[in-house]
There are 4 protein chains.
Amino acid sequence: MADPKRSNRRGRRSREEILDAATRMMAERGYAATSLSTLSRETGLPKSAVYHHFRSKGGLLSAVMARGAYDFFAAMRAAHAGGPPPGTPRERLDWFLRRTGEMFVSRPDFLRLHLLLVMSSEAAEAEVGALIGQVRRDGRAYMHGMISAAFAGEGAEIARAVADRLDHFAIAGFDGAFVAMQAGSGPDLFEQMRLLAEALAALGEARAGELRVRG
Amino acid sequence: MADPKRSNRRGRRSREEILDAATRMMAERGYAATSLSTLSRETGLPKSAVYHHFRSKGGLLSAVMARGAYDFFAAMRAAHAGGPPPGTPRERLDWFLRRTGEMFVSRPDFLRLHLLLVMSSEAAEAEVGALIGQVRRDGRAYMHGMISAAFAGEGAEIARAVADRLDHFAIAGFDGAFVAMQAGSGPDLFEQMRLLAEALAALGEARAGELRVRG
Amino acid sequence: MADPKRSNRRGRRSREEILDAATRMMAERGYAATSLSTLSRETGLPKSAVYHHFRSKGGLLSAVMARGAYDFFAAMRAAHAGGPPPGTPRERLDWFLRRTGEMFVSRPDFLRLHLLLVMSSEAAEAEVGALIGQVRRDGRAYMHGMISAAFAGEGAEIARAVADRLDHFAIAGFDGAFVAMQAGSGPDLFEQMRLLAEALAALGEARAGELRVRG
Amino acid sequence: MADPKRSNRRGRRSREEILDAATRMMAERGYAATSLSTLSRETGLPKSAVYHHFRSKGGLLSAVMARGAYDFFAAMRAAHAGGPPPGTPRERLDWFLRRTGEMFVSRPDFLRLHLLLVMSSEAAEAEVGALIGQVRRDGRAYMHGMISAAFAGEGAEIARAVADRLDHFAIAGFDGAFVAMQAGSGPDLFEQMRLLAEALAALGEARAGELRVRG
DNA sequence: AATGAATGAGCATTCATTCAT
DNA sequence: CATGAATGAATGCTCATTCAT
């Protein structure tokens, strides 16, 4: 079944190949619809290799998610390194969101699988459920950082308060835009990002105004 | 297996029972992970009843989607019957979105399955793919109606232009909020709806302002 | 399912339609591989019609065989009506066998199904088994008649003795030639028939010679 | 289901067991009527073993045919090793055919299945169809060898010409005699073989005579 | 460390049949 | 007389998993 030229002394590489294929397939078809037989056929590696490296199909899913999350956030940090140039909150949000949108386009697999699992309650299986929760918390924290950076000009306290209020909303805007992109409906993703930046800026400035008055 | 008291002359009822159970199960676990054996066990009806009524598992999915869409939009129209009381666009959007949010909470199954299918490319199987596209178009048209109703005070032309610009964004806001609700993360759905109303109002008014100046 | 224009008051016709389709399908695919669903789809008549007219799938098989046998032997008698012109046994056998070969070519379904059942021990189911035995006996009797007619010039007694000896062999020659025709191998059926006639003539004359000497 | 003492390290043996049972069952009931469930029950091996060893039910059929053909022709060669003693063509044909008849009686499974497939057009499924054609060609070649050996005394050229003319006819005689044996009708197989030998001798000598005159 | 052989449980689907109308 | 609805049993097949090597 396996390519005979493939040595049997290269565990690390096999692991990565399985992980790559599984990420792609699970993101395309979902967890339940991804069979180890197909995975094996597509990688040229035996089914037992999955058990060798990941203990079970569920373990493979966990690994896929863990690596995906790690890579995703690393890529996010890289994309945003240096931070936006000075400017209005809206300009700064625009800068952040445009770059984030580029990530969505170039690495959709992780997000797709993430949303699939969120919706399908296959997550309920403990281990993965925890990972998903962690990813959502990390995502929100990341978003929080972006928003407060955008409103840094209002002072740290106000920036934080604004971000507290808007981070979930921003996450929802992302998720929704990603769904629309997957559906092939809607305007292109970057147009959506621009509107989201505009909305966040408007909401954030309104909120900052209130706080300035009160403070 | 089946209740022996169940006559063999009640096709319509069996059909509905299967449809109910399938809607719930597919929304919970996804299409692939919903097995006809489990469905049969849960309804007490034989597996062959599915084939009798729906021709195939795919046909059942189509029927689930078709009925779900029909019921969903009917319930939406019922929830919004009469329309919002007079007021500012934001107040009117608030009224619309609060009621829509209630729908999400009370009938999440259809939306869950819809999003699951959008993400999982099981939709690619023709028949269902078309249905999903139709649902998204209908949803967007519905949203368009809500937004232009909210901005009716600006005149029909401007209201329409605003809705043209914002309908996709609003859909994304809904989808994202629904995802957050499913994930159990984020503030409650109604808080999200309020923010979305505020954002749409702000974006819409800015857009209307531009148009008034140009006009 | 059924053609709506088809009245529900025409039992005789439905019966024949089912019989026609079943004869064809069973001859093509065998009894086990002929499903009532397919039969129903192909005739446009409901599956229950089979039970109405034939009591069971096995009953349908019996009816197919019975009608097939009846028709087949009637057609044989028609083809051989009048009998061969005077001539040598070989010429007369040639005449018989050429005409029989024409039957094989023009109505292969019954023979195919017959051989299929003979080989497959689905015949073991009593009712059909008996029918098959009857068909083989009738066939042999028919062949006996042909051979003794061919050798009538040797006198009735010798003609009968020759036919007693050769009828089974002739049947085997027929069956084998029919098999070859179905397999698409071998020379055309009529060449086979000519050789068979030659062989029967040679064998018969040798036998007749022996008998004449003894007598 | 399986014998628990059966180790999971004996693939070769399982393969043969399945092949044996399948050969017998398919020859008895035909391909379509042989179910993997019954096969599994009868071998004590799980259904999945069939897929492990043969990829599909069709693959099992191919393997059954391939092994059957191989064994059959090997046994034929063994039965005819050494060749017939010197004598007239008829004596030599008698020797060949008697031995061949013994094969039919002692190993009827392969031939039964072969004829079943020839008749039932399940063969049309490519892979098996090709195998069947090959078997018929091999059979004919074998028969050709037997006939020309029987007529070797007439010289190689004439012997070949006689065999060219009669091989198909001889095959048909075999097939027909085998059918009669399966049907339980007719005289015993060896009587049929004797008549066939006589017929082939008569036809062959007539043909050889013609050729001698012409040559 | 890595794998091919093997398997039991479960899958979607089709079957022949019954029965109320 | 004729049928559409309904179903339990069985079908061919795929699944995730184990285990000896």
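Please read all numbers here as calculations on a predicted model, not as lab measurements.
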Would a 4.5 Å heavy-atom cut-off, applied to side chains only, mark [X] and [Y] as touching?
X: M25(B); Y: E42(B); value: yes
X: M119(A); Y: L117(B); value: no
X: S62(A); Y: L131(A); value: yes

Watson-Crick or G-U wobble partner of dT14(F), both distances under 3.5 Å: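 Looking at the geometry, dT14(F) pairs with dA9(E).
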
Counter-base of dA2(E), judged by Watson-Crick or G-U geometry with both distances under 3.5 Å: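 Its partner is dT21(F).
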
Check: S48(B) side chain, dG8(F) base, donor-acceptor under 3.5 Å: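 Answer is yes: a donor-acceptor pair is held.
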
Check: dG10(E) base within 3.5 Å donor-acceptor of S37(B) side chain: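 There is none.
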
Check the distance between [N]'s [atom2] and [X]'s [atom1] and give it to me in whole angstrom.
X: R15(B); N: dA5(F); atom1: CZ; atom2: P; result: 11 Å
X: H52(D); N: dA16(F); atom1: NE2; atom2: P; result: 17 Å
X: F54(D); N: dC13(F); atom1: CZ; atom2: P; result: 14 Å
X: L36(C); N: dT17(E); atom1: CG; atom2: P; result: 7 Å
X: K47(C); N: dA5(F); atom1: NZ; atom2: C1'; result: 10 Å
X: L39(A); N: dT14(F); atom1: CG; atom2: C1'; result: 15 Å
X: H53(B); N: dT13(E); atom1: NE2; atom2: P; result: 16 Å
X: Y51(A); N: dC15(F); atom1: OH; atom2: P; result: 12 Å

Whichever of K57(D) and A49(B) has its nearest DNA chain F nucleotide further upstream toward 5':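 Looking at DNA chain F, the more 5' nearest nucleotide goes with A49(B).
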
5′-ward residue of the pair R55(A)/S35(A) relative to DNA chain F: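 The residue closer to the strand's 5' end, by nearest nucleotide, is S35(A).
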
S35(D) and T38(D) side chains, donor-acceptor separation under 3.5 Å: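 Present: a donor and an acceptor within the cut-off.
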
Under 3.5 Å donor-acceptor, Y31(C) side chain and G58(C) backbone: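 Yes; at least one donor-acceptor contact below 3.5 Å.
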
Nearest-nucleotide comparison on DNA chain E, the residue closer to the 5′ end among T34(B) and Y31(C):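 Result of the comparison: T34(B).
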
